[in-house]
Protein chains: 2
Amino acid sequence: MSDFINETVATQLKKNRTGKGWSLDVASQHCGVSKAMLGQIERGESSPTIAKLWKIATGFNLPLSAFLGVNNEQTSHIQGLLADKKVSINTLFEFDKHTGIEMFELCFAIGHEQYSEAHQTGVLEHIVVTCGEMEYFCGDQWHRLNTGESAKFNADQAHGYRNVGNDLLRFFNIIHYP
Amino acid sequence: MSDFINETVATQLKKNRTGKGWSLDVASQHCGVSKAMLGQIERGESSPTIAKLWKIATGFNLPLSAFLGVNNEQTSHIQGLLADKKVSINTLFEFDKHTGIEMFELCFAIGHEQYSEAHQTGVLEHIVVTCGEMEYFCGDQWHRLNTGESAKFNADQAHGYRNVGNDLLRFFNIIHYP
DNA sequence: GCATATTGTACGTTAAAACGCACGGAAGGT
DNA sequence: ACCTTCCGTGCGTTTTAACGTACAATATGC
């Protein structure tokens, strides 16, 4: 349930305390919290209030987050190489219902082109070209993008991309769903 | 004294709750915490335990740090932006109120590092490294990213970036505001 | 006008955080 | 052996977080 947060606080507190070479007694003096309480927290027997945890954090000269194990979902992807395929699509960020964002990196071989059906209304695509030259189709015509250029367009219509340079094309695609 | 932490939790809770258009009752159902308690916390009349605050945070689909207003006293010297040529920031997409997205490309000289203050709650940053090796600071530690890797983290806390490689660092930063 | 939800607050009780003190164990000194 | 000192834990009490319910507000409907 929510016991894991107590566990992380327990381990972090003990690690920080012993790391400074403090006994429960001296830690108590620094923090203004009884050593009995500190012991109970370290054993996971009690869940401190944030007021007390703040006193502990300031006593340790550390930010509050040092005791919370910081749940900031970081995900890391290694870039998938395109062997001898014509195209590779690498998902950098899966669709997130909170932000409405998903992000891909695409690699196109020379001359390759690809089309996509219309998405639902309000969907926006963001293109950033990191390598090569491309054109993207939107509305009723093609638009050119060189390396380092970027564009934003409505994707609630048929659209497409193609490599028009003499090298590998790499570009990012950030899609936002309303 | 240590009352200020209760104040920040109080204001953050009320802001997040009303921001979602939730009453104390529905917030209680989402979090599994009595609405009487939520009311007392919002009025600063009681200091929740971290276990309860964690239940609240998960009920709101927010990180714990969203309620703690982290961080004070963290050495954050804001570097002169484009004055010296140690860093360049290129705006690819201006902030769009419809998508809540803005996007930058950043270039750091060798060894350069830069910090940013906490953004408003719920702000998410997406990092994609296109060249070089970097580390980003988030929560209470640095996280490494090599070329081609990416990461997503909550930016409603003090955070930073630094070039830890032997070459120019290039990375994209997509910031999403809720 | 009178009902009927819906909101946030106040009250009384229960569970638990937090305190102070005392206890057993381990390390060091004489 | 001994005494001393420091460590962490257990116990009893006080404080308070947390709960459930009832209450006074403010709207919406008939």
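Proteins come first, then strands; the chains are lettered A, B, ... in the order of their sequence lines, and each starts at number 1.
- Atom NZ of B/K14 and atom P of C/dT7 are 14 Å apart (whole Å).
- Around the CZ atom of B/R170, the shell of radius 6.0 Å holds no more than 12 heavy atoms that belong to other residues, nucleotides or ligands.
- Checked against a 6.0 Å centroid threshold, the rings of A/F171 and A/Y161 count as neighbours.
- Contact check, B/S23 against C/dT7: a side-chain N or O comes under 4.0 Å of OP1 or OP2.
- B/V123 is connected to B/L106 through a chain of hydrophobic side-chain contacts under 4.5 Å among Ile, Leu, Val, Met, Phe, Trp and Tyr, so both are in one cluster.
- Nearest to the side-chain atoms of B/L24 among the listed nucleotides C/dG8, D/dC19, D/dG8 stands C/dG8.
- Formation of a donor-acceptor pair under 3.5 Å by the B/R17 side chain with backbone atoms of B/W22 is found in this model.
- Within the 4.0 Å cut-off from OP1 or OP2 of D/dA17, not a single side-chain nitrogen or oxygen of A/K52 is found.
- For the contact set between residues 31-47 of chain B and DNA chain C, defined by any heavy atom under 4.0 Å, the members are B/K35, B/A36, B/R43.
- Side-chain contact between A/V129 and A/E149 is absent, with no heavy-atom pair separated by less than 4.5 Å.
- Judged by distance alone, with hydrogens and angles left aside, the side-chain atoms of A/S47 form a donor-acceptor pair with the main-chain N or O of B/A51 at under 3.5 Å.
- Summarising the geometry, the separation between CD1 on B/I50 and P on C/dA16 is reported as 15 Å, rounded to the nearest angstrom.
- Although no hydrogens or angles enter the test, the distance criterion places a donor-acceptor pair under 3.5 Å between the side chain of B/T58 and the main chain of B/W54.
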Pull out every protein N or O sitting under 3.5 Å from an N or O of nucleotides 13-15 of chain D, one pair per line with the distance.
none

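- Rounded to whole Å, the distance from CG on A/L53 to C1' on D/dA17 is 16 Å.
- Rounded to whole Å, atom P of D/dA22 lies 15 Å from atom CG of B/D25.
- Dashed line: the shortest gap from a side-chain N or O of A/R17 to OP1 or OP2 of D/dG8 is under 4.0 Å.
- A/S28 contributes a side-chain N or O that, together with a main-chain N or O of A/V33, makes up a donor-acceptor pair within less than 3.5 Å.
- Of the possible donor and acceptor atoms, none in the side chain of B/T147 sits under 3.5 Å from a partner among the backbone N and O of B/T130.
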